[in-house]
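As structure tokens, the structure follows; a few thoughts come after it.
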Protein chains: 2
Amino acid sequence: MTSTLGFAILAVLARGERTGYDIAQAMRRPMAYFWTARHSQIHTELQKLLAEGLVTYETQAGPGPQDKKIYRLTGEGTAALREWVTEPPRERPERDELVLKTYTAWLAEPEALRRLFADQLARHETRLAEYEREEELFGGPPPVGDPRFGNYATLRCGLGYERHRADWCRWMLAQLSASL
Amino acid sequence: MTSTLGFAILAVLARGERTGYDIAQAMRRPMAYFWTARHSQIHTELQKLLAEGLVTYETQAGPGPQDKKIYRLTGEGTAALREWVTEPPRERPERDELVLKTYTAWLAEPEALRRLFADQLARHETRLAEYEREEELFGGPPPVGDPRFGNYATLRCGLGYERHRADWCRWMLAQLSASL
DNA sequence: CAATACTATGTCAGAAGTGACATAGTCGCG
DNA sequence: CGCGACTATGTCACTTCTGACATAGTATTG
């Protein structure tokens, strides 16, 4: 019954105990490329996971009015996660606004369109450079049984994606200049 | 105030008048790669677009208990769409379940993982073959001012995406065999 | 001729996700 | 010493999206 968000949270917790805040932070940086959630969603989801017995927590004095809650996986949580990992992912509908705009490109001013794609290309090139820098920090792939393998493999995916995307933007720009 | 779904509908209607049903069909096949919506959502959104004066319709006798409604863009609708096309897209969070699973791959049984990626690779290869067949039907890109340019350019994007994805799956499979 | 698929409209409950509001301590900077 | 950033929890209204239900005529196929 657990949602994919639930498993995303379990996946973070599998790497070590965290507060809800920590999970939200993880979903801002290393995970943001393939999964994100706001803290509001994370706190509600943690309550569900707790009710299902997939996580537990210990309290510690925290900064705000409430105590800090340090969550970790239960045996059931680990089992559920381990089972979920190799199940074929449910197909989610892609929704890509840039491609939708491209579908309607024939209606657009060519110059404004050129700016749009030049801007997108720049974004992809920036991210690509970031990812390439990150890749160098690993010197080749970690062993498959290592949590860091997950980080490396997802980075590889991001790298491929940014390259594909940048190529496509360049192709679009070439089409637009050819049509002048 | 119009949502992206609203613009997706306007984008279909810009190519000719359609019923709500026709729009839902368009979102099943040529558009499904980059945008989808169920008919329930389309009907509700059409009511909003109507209230905003971006679309109008004419009725005709239809099969069911209600009359058939043939929608088309108003001048305002076309103007809104034309303005939207070149505005930078709002960054939507990516949520990719397969990559999330990869992030957790270290917990998985290697053999089950191999099956997962082999299966995904097969899917991408099938789609790639379909897209390649479709591409041949165009003999090179249509002119940028032609609606068919939209179809071609989005197909190119899909082609690049499937290639990137298939490559990544192959890389994953190579990593998994190397670790045995 | 019966079953199934297709055309065509719509409603509604519920899940998933967003953005704002609310609270409060610590730490660093100018 | 005040201001902003960071740590940390939570609620709530609202939007978006899904899946099921409801209705009914025509066309195809076995």
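When reading the values below, keep in mind they use all heavy atoms of this one structure, side chains included, and skip hydrogens, waters and symmetry mates.
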Within residues 23-45 of chain A, find the residues that approach DNA chain C with a heavy atom at under 4.0 Å, and present them sorted by residue number.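 Per residue number, the list reads A:Arg38, A:Ser40, A:Gln41.
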
Using a 4.0 Å cut-off on heavy atoms, which residues in residues 4-19 of chain A reach DNA chain C? List them by number, or say none.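 Under 4.0 Å from DNA chain C: no residue of residues 4-19 of chain A.
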
B:Arg114/B:Leu173 under side-chain contact (heavy atoms from CB on, under 4.5 Å): CA gap, chis, key distance, verdict: CA-CA 6 Å; B:Arg114 211 220 78 240; B:Leu173 288 170; 4.0 Å; yes

Can you tell which of A:Phe34, A:Tyr33, A:Phe7 makes a ring pair (Phe, Tyr, Trp, His ring centres under 6.0 Å) with B:Tyr103?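 It is A:Phe34; the other options fail the test.
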
Whole-Å distance separating the OH atom of B:Tyr21 from the C1' atom of D:dG25: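 It works out to 13 Å between those atoms.
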
Note: [X]-[Y] ion pair, threshold 4.0 Å (strictly below):
| X | Y | result |
| --- | --- | --- |
| A:Arg156 | A:Glu135 | yes |
| A:Glu58 | A:Arg72 | yes |
| A:Arg133 | A:Glu130 | no |
| B:Arg165 | B:Glu162 | no |
| A:Glu134 | A:Arg29 | no |
| A:Arg123 | A:Asp119 | yes |

Kindly give the heavy-atom pair with the smallest separation between A:Cys157 and B:His164, and that separation in Å.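 Scanning both residues, the minimum pair turns out to be O-CE1, 3.2 Å.
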
Could you pull out the closest heavy-atom pair between B:Val85 and A:Ala108, with the gap in Å?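 Heavy atoms of B:Val85 and A:Ala108 come nearest at CG1-CB, 4.0 Å.
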
How does DNA chain D read in dot-bracket, base by base from 5' to 3', with Watson-Crick or G-U pairs under 3.5 Å and | used when the partner is on another strand? ||||||||||||||||||||||||||||||

Rounded at 0.5 Å granularity, tell me how far CD1 in B:Ile9 sits from CG in B:Leu73.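 So the CD1 of B:Ile9 and the CG of B:Leu73 are separated by 11.0 Å.
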
Same cluster for B:Leu13 and B:Tyr21 if Ile/Leu/Val/Met/Phe/Trp/Tyr side chains link at under 4.5 Å?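 In one cluster: no.
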
Mapping A:Lys68 and A:Gln47 to their closest nucleotides on DNA chain D, which lands nearer the 5' end?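 Looking at the nearest nucleotide for each, A:Lys68 comes out on the 5' side.
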
Interface limits on DNA chain C, where chain A has a heavy atom under 4.0 Å of a nucleotide atom: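 Range of nucleotides within reach of chain A: C:dA16 to C:dG25.
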
Using a cut-off of strictly less than 4.0 Å between a heavy atom of the residue and any atom of DNA chain D, enumerate the qualifying residues of residues 80-88 of chain A by number.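 Here the set is empty: none.
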
Just by distance, do the side chain of B:Lys101 and the backbone of A:Trp84 share a donor-acceptor pair under 3.5 Å?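 Looks like yes, one N/O pair under 3.5 Å.
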
Tell me which pairs pass ring-ring contact (aromatic ring centres under 6.0 Å, His included) where either residue lies in residues 119-142 of chain B, with sequence neighbours left out.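 Non-adjacent pairs meeting ring-ring contact (aromatic ring centres under 6.0 Å, His included): B:Phe138-B:Tyr152.
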
Quick check on the 6.0 Å ring-centre criterion: do A:Phe117 and A:Trp168 meet it?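 Ring centres of A:Trp168 and A:Phe117 closer than 6.0 Å.
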
